[in-house]
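Report on the structure given below.
Since the structure is predicted, the reported quantities are computational estimates derived from the model, not experimental observations. Reminder, nothing fancy here: chain letters follow the sequence lines and each chain counts from 1.
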Number of protein chains: 2
Amino acid sequence: MTEDSTSNSATHIAVPSQVGPDQPLCQLREVLDRVGDKWSVLIMAILGNGPHRYSDLRRAIDGISQRMLTLTLRSLERDGLVTRTVTPTTPPRVDYGLTPVGQTLSKEVGSLINWSEQHREYISVARASYDSE
Amino acid sequence: MTEDSTSNSATHIAVPSQVGPDQPLCQLREVLDRVGDKWSVLIMAILGNGPHRYSDLRRAIDGISQRMLTLTLRSLERDGLVTRTVTPTTPPRVDYGLTPVGQTLSKEVGSLINWSEQHREYISVARASYDSE
DNA sequence: CCGGATCCAACAGGATACTG
DNA sequence: CAGTATCCTGTTGGATCCGG
């Protein structure tokens, strides 16, 4: 790297990180806007274990409202990440699962879970230390 | 059919995904509460390229307010993910960089960026398709 | 240049009630 | 069971002014 520092700010620090509409950072931003909300990733993680019924998801997540569960599922379905399968019996039954692409995202999420397991102790300590200063 | 509620649902469907306080899902939730906000991951990504000054970050992100930049940086510093280095010159100068642990998270973020590059076209198409129905 | 403090708008999201 | 509709709140985060 070190593409020089021609800017007049004259620093020896790697400079640019320019952000244009097609820069990776902007793409990340898009992804975050999609799955960076409160529930999407959680649902992706659960569905990574296999398909679930609506009510199963509700119980599994514990804390989510019907409203947000439905909204989030719809959003994920819209983005082609989860599938929605209706079985018109009585009572009706709806199963949600991952699409192939959804599974790839689920893997990324798994990676993040892993990271959190490994570092949450560290973070906890860092916080305590910071707060006590 | 009799609704056959012998088991908690679903014959051939992978079951439980129970969520307890120490379950991975809860840990993921913690991580998301930390870095799942609007700017944290973006900043981690930028700092992954090397340390940056406050004003560099401001210009790089383009859209962030001073308030949120400072708040987010403080939060990341508190969690031991970024370092803050003050050089008391005039005018003062402050550099931000990643801690070792911060770098590991930055790598995860990079992985996410990668995912988004590969799939945002797919998502875009999926959306258009969904919306046109 | 860095960033704290205050005010305020927007929106995410919970609670509840109702439908097919 | 699987949603939808309405209401209402807390929080997020932008704008702005000020101070070191």
Next on the checklist: I want to confirm an ordering. Mapping Leu71(B) and Pro91(B) to their closest nucleotides on DNA chain C, which one lands closer to the 5' end?
Outcome noted: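 Looking at the nearest nucleotide for each, Pro91(B) comes out on the 5' side.
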
key: Nearest-nucleotide comparison on DNA chain D, the residue closer to the 5′ end among Gln66(B) and Pro92(A)   =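 By nearest-heavy-atom nucleotide position, the 5'-most residue is Pro92(A).
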
Given atom [atom1] of [X] and atom [atom2] of [N], what is their separation to the nearest angstrom?
| X | N | atom1 | atom2 | value |
| --- | --- | --- | --- | --- |
| Leu69(B) | dC1(C) | CG | C1' | 13 Å |
| Arg53(B) | dC1(C) | CZ | P | 8 Å |
| Asp62(B) | dG14(D) | CG | P | 12 Å |
| Arg74(B) | dT12(D) | CZ | P | 18 Å |
| Asp95(B) | dC2(C) | CG | P | 9 Å |
| His52(A) | dA2(D) | NE2 | C1' | 17 Å |
| Leu73(B) | dC1(C) | CG | P | 16 Å |

Asp95(A) with Arg93(A): basic N within carboxylate O range, under 4.0 Å: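 So Asp95(A) pairs with Arg93(A) through a salt bridge.
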
Original post:
Are the charged groups of Asp56(A) and Arg59(A) less than 4.0 angstrom apart, N to O?
Top reply: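 Yes, this pair counts.
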
request  = Please confirm whether the backbone N or O of Thr83(B) pairs with a side-chain atom of Thr99(B), one donor and one acceptor, at under 3.5 Å?
outcome  =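 Between the backbone of Thr83(B) and the side chain of Thr99(B) there is no qualifying donor-acceptor contact (under 3.5 Å).
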
With sugar-phosphate taken as primed atoms, P, OP1 and OP2 and all else as base, the protein-contact string of nucleotides 6-14 of chain C at under 4.0 Å (heavy atoms; B, S, -) is B------BB

Look at [X] and [N] and indicate whether a side-chain polar atom (N or O) is within less than 4.0 Å of OP1 or OP2.
| X | N | answer |
| --- | --- | --- |
| Tyr54(B) | dG4(C) | no |
| Thr89(A) | dC1(D) | no |
| Arg84(A) | dG3(D) | yes |
| Arg58(B) | dG3(C) | no |

Can you give me the closest heavy-atom contact between Tyr130(A) and Arg78(B), atom names plus distance?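 Closest pair (atom of Tyr130(A), atom of Arg78(B), distance): CD2-CG, 3.4 Å.
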
Can you confirm whether Val101(B) sits close enough to Asp79(B) that some side-chain heavy atom of one is under 4.5 Å from a side-chain heavy atom of the other?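 Heavy-atom side-chain distance check fails, nothing below 4.5 Å.
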
- Item | Any Arg53(A) side-chain heavy atom under 4.5 Å of Leu57(A) side chain |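 No, too far: nothing below the 4.5 Å cut-off.
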
Original post:
Do the rings of His119(A) and Tyr122(A) sit parallel, tilted or perpendicular, given the 30° and 60° boundaries?
Top reply: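 Ring orientation, 0 to 90° scale: perpendicular.
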
